[in-house]
Amino acid sequence: MTTGVWLVGARGNVASISMAGARAIASGVVDSTGMVTAREPMTSLDLPAVDDLVFGGHDIREQSIEQTVEKANEAGNVPDKETLDAVREDLREIDERVTIGTARQCGQVVEDLSDNEVGDKGTVADIVSQIQSDYEAFAEEQDVDRLVVVNAASTEPPIKEAEKFDTLDKLETAIENDDPDLPASALYAYAALVDEHPYVNFTPSTGSSLGGLRELALQNDVPHMGRDGKTGETLVKSALAPMFAGRNLQVLSWEGHNILGNRDGLVLEDDANKEGKIESKGNLLDQMLGYDHHNAVRIDYTPSLGDWKTAWDHIHFQGFLGTKMKMQFTWEGSDSALAAPLVLDLIRLIAFADEQGEGGEQPQLASFFKSPQGVDEHDLSRQLQKLYDYAEQHLDDTQPLSEIAE
Ligand code: NAI
């Protein structure tokens with residue numbers, strides 16, 4: 001079985017490093033450290049092999065995938081030179097399958113990144129049908145058995161009046177009427193779901209979160225999930241906050257300051273585009289702690305950091321006898337090295353869900369996202385448990401896990 005993967009934002013850091021990583025695993029120069037699906041019980045599921053993934057995608061810039069990975073190597077040695085050299089040819093070949101997408105409602109800062117006229121190409125219906133034919137052409141040329149679409153494009157500003165699109169009927173009427181408020185990410189998602197391609201939204205953008213798209217996914221029995229990969233500060237928060245809650249230590253304030261240097265950081269400099277990211281980074285503490293406290297998230301662009309991201313968090317909390325205490329942490333990570341393995345995990349797991357005929361949102365994938373669609377649980381270990389339970393349930397159909405481990 002060949003799984004085709006269509007990456008929206010294919011020439012960006014996350015997508016390019018994901019593809020470089022997949023091809024590096026295939027050629028044996030790196031192992032799968034960092035991938036959740038490389039651990040039991042997920043290794044016992046019949047997931048598509050990383051080596052067998054075939055890539056293509058949309059972007060709005062001309063810089064090739066190889067150039068993106070070269071820049072990442074020069075800026076932060078991720079990946080290192082040996083890995084880069086091992087995958088160059090593959091990346092060139094994939095880049096030939098990248099076509100120009102749409103940047104409708106992505107904000108001025110994204111339109112300015114583009115080397116093409118992408119803001120307003122035809123009506124919404126024309127754009128949707130162009131995206132559908134791009135998916136179709138790739139699937140046919142590569143002779144894939146299944147096509148997974150992943151959004152790894154720049155963050156869009158949050159949608160205005162999402163309720164205008166909260167049923168499939170309203171959404172399709174809006175497409176027919178050329179509604180100017182539908183953003184690119186929702187159009188890519190619609191084109192995927194309407195043609196029954198599983199869809200993952202790794203970004204905070206609207207994607208498949210609209211009511212009309214959730215209805216479409218259920219109607220067509222196609223799996224989808226989002227939003228916003230949980231890779232850094234929020235990952236740590238979702239592991240730590242349950243500790244404060246469980247020990248009845250009252251958090252008085254939680255301040256988080258993030259600085260990052262890549263193009264994602266540049267796009268998030270724009271207040272409109274930043275709004276969606278702040279929303280998805282800030283909301284989870286309220287759910288996990290369950291009471292009012294002061295909590296703020298800041299994101300600043302620091303160009304010299306390149307792909308490296310630093311988060312400082314200061315947590316002020318109160319314990320027994322009214323004693324006030326503090327915890328501070330610093331997280332320093334390579335943005336793409338943290339994100340890429342999760343993108344590969346999500347592709348494999350959503351393809352598996354599709355093979356099982358499991359349409360709609362996928363709660364077992366909650367641990368991968370800052371704002372998991374359809375799931376209120378943000379506690380990392382409980383979210384991971386959902387994934388382990390899911391894997392074991394699917395193994396039960398075939399063979400007990402204990403026997404497989406022997
Ligand atoms: P990037 O700026 O390197 O890549 C984004 C790519 O998307 C660029 O090549 C850009 O030209 C392209 N693009 C922008 N709008 C597009 C459109 N409408 N259609 C097609 N292509 C489009 O950014 P990076 O670092 O790769 O991040 C990608 C997304 O992943 C961002 O939304 C980011 O917030 C999200 N994300 C990243 C994480 C991480 O790096 N650790 C974690 C969680 C989410």
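For ligands, and for the atoms within them, numbers begin at 1 and follow the listed sequence.
Judged purely by distance below 3.5 Å, without hydrogens or angles, the side chains of Glu358 and Gln356 never pair a donor atom with an acceptor atom. Between the side chains of Asp389 and Gln393, no donor N or O sits under 3.5 Å from an acceptor N or O. Residues Thr33 and Asp31 bring a donor and an acceptor atom of their side chains to less than 3.5 Å of each other.
Every side chain to side chain donor-acceptor pair (under 3.5 Å) that Arg97 has, sequence neighbours left out, goes to Glu93.
Remark: distances from the non-hydrogen atoms of Glu156 to ligand 1 are all 4.0 Å or more.
Phe352 has its ring centre less than 6.0 Å from the ring centre of His394. Aromatic ring centres of His58 and Trp6: separated by under 6.0 Å.
Across the listed options Ile60, Asn201, Thr102, Asp228, Thr102 owns the non-hydrogen atom lying nearest to atom 18 (N) of ligand 1. Within the set Val14, Ile65, Thr68, the minimum heavy-atom distance to atom 37 (C) of ligand 1 is found for Val14. Between the choices Ala340, Gly12, Ala10, the shortest heavy-atom distance to atom 4 (O) of ligand 1 belongs to Gly12.
Here Lys370 has side-chain heavy atoms under 4.0 Å from ligand 1, and that is the only part of it that gets that close. Using a 4.0 Å cut-off between heavy atoms, Ala152 contacts ligand 1 through its backbone alone, with no side-chain atom that close.
Near Arg11, meaning under 4.0 Å from one of its heavy atoms, ligand 1 places the atoms 9 (O). Listed by number with element, the atoms of ligand 1 under 4.0 Å from a non-hydrogen atom of Gly9 are 6 (C), 7 (O), 12 (C), 20 (C), 21 (N). Interface of Ala103 with ligand 1, defined as ligand atoms under 4.0 Å from a residue heavy atom, comprises 18 (N). Listed by number with element, the atoms of ligand 1 under 4.0 Å from a non-hydrogen atom of Val8 are 19 (N), 20 (C). Contact atoms of ligand 1 toward Thr155: 31 (C), 32 (O), 33 (C), 34 (O) (distance under 4.0 Å to a heavy atom of the residue). Close contacts between ligand 1 and Asn13 involve ligand atoms 1 (P), 3 (O), 4 (O), 25 (O), 26 (O) [criterion: under 4.0 Å to a heavy atom]. Ligand 1 places these atoms under 4.0 Å from at least one heavy atom of Thr231: 41 (N), 42 (C). Close contacts of ligand 1 with Val110, meaning ligand atoms under 4.0 Å from a residue heavy atom, involve 14 (C), 15 (N).
In terms of polar-atom proximity, defined here as any N/O pair under 3.5 Å, Leu113 makes no such contact with ligand 1. Checked against a 3.5 angstrom limit, the closest N/O atoms of Tyr188 and ligand 1 fall inside it.
Across all non-hydrogen atoms, the minimal contact from Pro79 to Asn73 is O-ND2, 2.9 Å. Looking at every heavy atom in both residues, Asp376 comes nearest to His378 through O-CD2, 3.3 Å. Between Ala10 and Ile65, the shortest heavy-atom distance links the atoms O-CG1, 3.7 Å.
Sequence neighbours left out, the pairs with a member in residues 15-26 that pass side chain to side chain donor-acceptor pair (under 3.5 Å) are Arg23-Asp90.
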